[in-house]
There are 2 protein chains.
Amino acid sequence: MPVKLKRKPKGTYHHPDLQVALVEAALQTIRKTGVDSLTLRDVGLRLGVSRTALYRHFKDKSALLARLALEGFRVFHQTLQSAVDQAHTNKKDPLEEMGMAYVNFAMANQSHYKTMFSDSICTWGDYPDLAVEADGAFAVLVNTIAAEQRAGRIIAEDPARLAQVIWAGVHGLATLGMAGHLGSHNDIIHLARHHCHTLFTGLRPTPRNTTRRAKSTS
Amino acid sequence: MPVKLKRKPKGTYHHPDLQVALVEAALQTIRKTGVDSLTLRDVGLRLGVSRTALYRHFKDKSALLARLALEGFRVFHQTLQSAVDQAHTNKKDPLEEMGMAYVNFAMANQSHYKTMFSDSICTWGDYPDLAVEADGAFAVLVNTIAAEQRAGRIIAEDPARLAQVIWAGVHGLATLGMAGHLGSHNDIIHLARHHCHTLFTGLRPTPRNTTRRAKSTS
DNA sequence: ACCTGAACACCGTTCAAGT
DNA sequence: ACCTGAACACCGTTCAAGT
């Protein structure tokens with residue numbers, strides 16, 4: 001008389017590919033209850049599998065989180081690129097559209113975005129493919145800046161450096177917005193537009209930009 | 001009238017003022033090993049006190065963290081204000097100096113800054129005095145913006161809104177910098193200067209700024 | 001009123017053992 | 001090769017009991 005088993009068809013593995021199933025289950029969990037409440041026991045239970053089965057596919061919990069982050073950067077990459085493309089066909093400012101896409105992605109995928117920048121995996125050096133994927137997303141920003149420079153719409157400085165300047169802005173909007181410090185979702189959207197607009201105004205090539213120093217004039 | 005209050009036999013297991021001692025010990029711990037590794041057992045052990053003694057003075061661990069955050073906002077407030085004051089006496093741009101002070105504070109007190117914006121206490125509404133203290137620090141930025149507007153050096157828009165725009169930038173620089181994504185400490189400083197400079201250039205009143213406005217909120 | 005120590009319900013991780 | 005179940009060393013928190 002066997003006790004009632006959960007789900008174990010054919011006496012074989014519950015999932016053909018447990019690795020991707022674990023990632024899928026973890027994604028659902030963090031989307032529903034947040035990253036901080038993600039437990040290995042929970043993802044195991046959700047798949048009808050032991051809570052230690054995960055260790056056959058991932059070194060530890062951090063490795064699982066790094067994998068989630070990697071997947072996040074992949075779709076993030078796509079999202080940013082398609083925003084640039086659409087801006088091009090719609091005759092809109094590519095950088096501004098990308099900035100808005102950035103903030104919108106973070107707000108729509110808060111747990112995933114937090115995972116991508118989580119402290120527990122922030123040393124991207126420990127996860128080489130994660131670093132590669134993150135660099136790929138960052139490259140969209142750098143390339144767009146370079147293109148805008150060629151078109152003469154952005155001041156000619158190191159594109160990677162300008163990319164970091166812009167990145168800081170949208171990342172700040174995203175994190176403060178997620179923390180609820182910038183008001184409603186609608187407030188955040190308008191604020192992001194405002195921030196991007198201000199930043200890109202300051203980056204437009206004009207003699208005044210190059211003459212101004214730290215101390216104020218007038 | 002010397003000495004008041006004498007109700008505890010000195011030299012026993014009773015601590016003179018355990019409440020502040022707990023805060024002090026917790027601060028040392030997070031500064032040394034980071035917020036995530038802060039355990040109530042550890043702070044108790046450090047004071048030679050039971051690990052549950054804390055519950056006589058704080059509702060739970062979140063309340064302790066909120067208290068740490070509150071203290072953080074207090075000195076943060078002071079830091080920002082004195083940066084503005086020094087800029088005034090030294091004829092420098094107050095907003096830019098404040099922005100630099102912001103990023104420098106975060107980099108020099110990483111664990112404390114992270115605690116101040118920790119997800120576990122991000123709903124400042126649960127801790128009213130924390131919200132008050134945070135608003136106090138934010139007010140320094142708003143007031144400085146208003147002063148700059150009166151001097152005609154900043155575009156005339158809602159100061160609170162402009163403050164959020166600037167806040168997002170420096171917060172993004174701080175968090176990305178702490179995560180190690182912006183290079184060395186020196187790189188971050190220069191990047192922050194760059195970001196602030198760009199932002200404030202975009203905020204200077206000039207007809208050009210109004211030609212490309214984002215749709216206004218109403 | 002303040003603090004303790006045991007107890008409880010969690011957690012990530014390891015490991016010998018099963019299939 | 002893949003997975004299990006017990007075990008281990010941690011957590012935060014509660015509670016009856018001590019002073």
Side-chain angles (χ1 to χ4, degrees), chain A residues 2-26 29-30 33-69 115 118-121 126-127, chain B residues 4-26 29-30 33-69 115 118-121 126-127:
Chain A
V3 287
K4 47 184 175 181
L5 293 175
K6 186 106 183 176
R7 275 167 54 192
K8 210 133 200 181
K10 304 178 189 173
T12 77
Y13 313 115
H14 175 259
H15 264 93
D17 193 347
L18 185 57
Q19 174 138 354
V20 316
L22 286 165
V23 172
E24 205 59 40
T29 300
I30 69 168
T33 66
V35 212
D36 294 331
S37 67
L38 174 70
T39 83
L40 301 188
R41 283 161 155 84
D42 192 71
V43 17
L45 195 77
R46 186 186 289 258
L47 294 175
V49 101
S50 164
R51 47 189 173 275
T52 60
L54 174 140
Y55 287 89
R56 295 308 119 200
H57 300 94
F58 296 96
K59 177 171 159 280
D60 52 17
K61 189 180 181 182
S62 272
L64 174 64
L65 289 174
R67 176 63 175 274
L68 298 185
T115 306
S118 163
D119 265 3
S120 58
I121 55 172
D126 295 353
Y127 302 96
Chain B
K4 45 191 175 173
L5 106 103
K6 270 310 118 288
R7 45 175 145 78
K8 52 199 58 163
K10 62 177 224 166
T12 74
Y13 44 85
H14 284 275
H15 203 281
D17 193 345
L18 187 55
Q19 174 136 354
V20 316
L22 286 164
V23 172
E24 204 59 39
T29 299
I30 69 168
T33 66
V35 212
D36 293 333
S37 66
L38 174 70
T39 84
L40 301 188
R41 283 161 155 83
D42 191 71
V43 16
L45 195 77
R46 185 187 288 259
L47 295 174
V49 99
S50 163
R51 48 191 174 273
T52 60
L54 174 140
Y55 287 89
R56 295 308 119 201
H57 302 276
F58 295 97
K59 176 171 159 280
D60 52 17
K61 189 181 182 182
S62 273
L64 174 65
L65 289 175
R67 176 63 175 274
L68 298 185
T115 306
S118 163
D119 266 2
S120 58
I121 55 171
D126 295 353
Y127 302 96

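Proteins get letters first, then strands, A, B, ... in listed order; numbering begins at 1 in each.
B:T39 comes within 4.0 angstrom of sugar-phosphate atoms only, judged by non-hydrogen atoms across all strands, and of no base. In this structure, A:L38 reaches the sugar-phosphate backbone alone: every heavy-atom distance under 4.0 Å involves primed, P, OP1 or OP2 atoms, never a base.
The side chain of A:R41 sits closest to C:dG12 out of D:dT4, C:dG12, C:dC3. Comparing atom distances between the A:T52 side chain and each of C:dT4, D:dC3, D:dA6 picks out D:dA6 as nearest. Closest contact between the side chain of B:A53 and the listed nucleotides D:dT4, C:dT13, C:dT4 involves C:dT4. Each of D:dT13, D:dC3, C:dC3 was ranked by its minimum atom distance to the side chain of B:V49; first place goes to C:dC3. For A:Y55, the side-chain atoms get nearest to C:dT14 when compared with the rest of D:dT13, C:dT14, D:dT4.
Atom CG in B:L22 sits roughly 13 Å away from atom P in C:dC2 (whole-Å rounding). We find that CZ of A:R51 is positioned 13 Å from C1' of D:dC8, with the value rounded to whole Å. If you take CG of A:L64 and P of C:dC11, they are 15 Å apart, rounded to a whole angstrom. For the pair A:L54 CG and C:dC11 P, the computed distance is 14 Å after rounding to whole Å. What separates CD of B:Q19 from P of C:dA1 is a distance of 16 Å, to the nearest Å. Rounded to an integer number of Å, the gap from CG of B:D42 to C1' of D:dC11 is 12 Å. The CZ-P distance, from B:R56 to D:dT13, rounds to 13 Å in whole Å. In this structure, the CZ atom of B:F58 is 16 Å from the C1' atom of C:dC3, given to the nearest Å.
The backbone N or O of A:G34 sits less than 3.5 Å from a side-chain atom of A:S37, completing a donor-acceptor pair. Looking at B:K61, its side chain never comes within 3.5 Å of a backbone N or O of B:T39 through a donor-acceptor pair.
The two atoms that bring A:S62 and A:I121 nearest to each other are O-CG2, 3.6 Å, heavy atoms only.
Pair assignment for D:dC8: C:dG12, on the basis of Watson-Crick or G-U wobble contacts that are both within less than 3.5 Å. For C:dG18, the paired base is D:dC2 (Watson-Crick or G-U wobble, both distances below 3.5 Å).
When side chains are defined from C-beta on, A:T29 counts as touching A:R46, because their heavy atoms get closer than 4.5 Å. By the 4.5 Å heavy-atom criterion applied to side chains, A:L68 and A:V35 are not counted as neighbours.
Between A:K61 and B:L18, the residue anchored nearer the 5' end of DNA chain C, judged by the nucleotide with its closest heavy atom, is B:L18.
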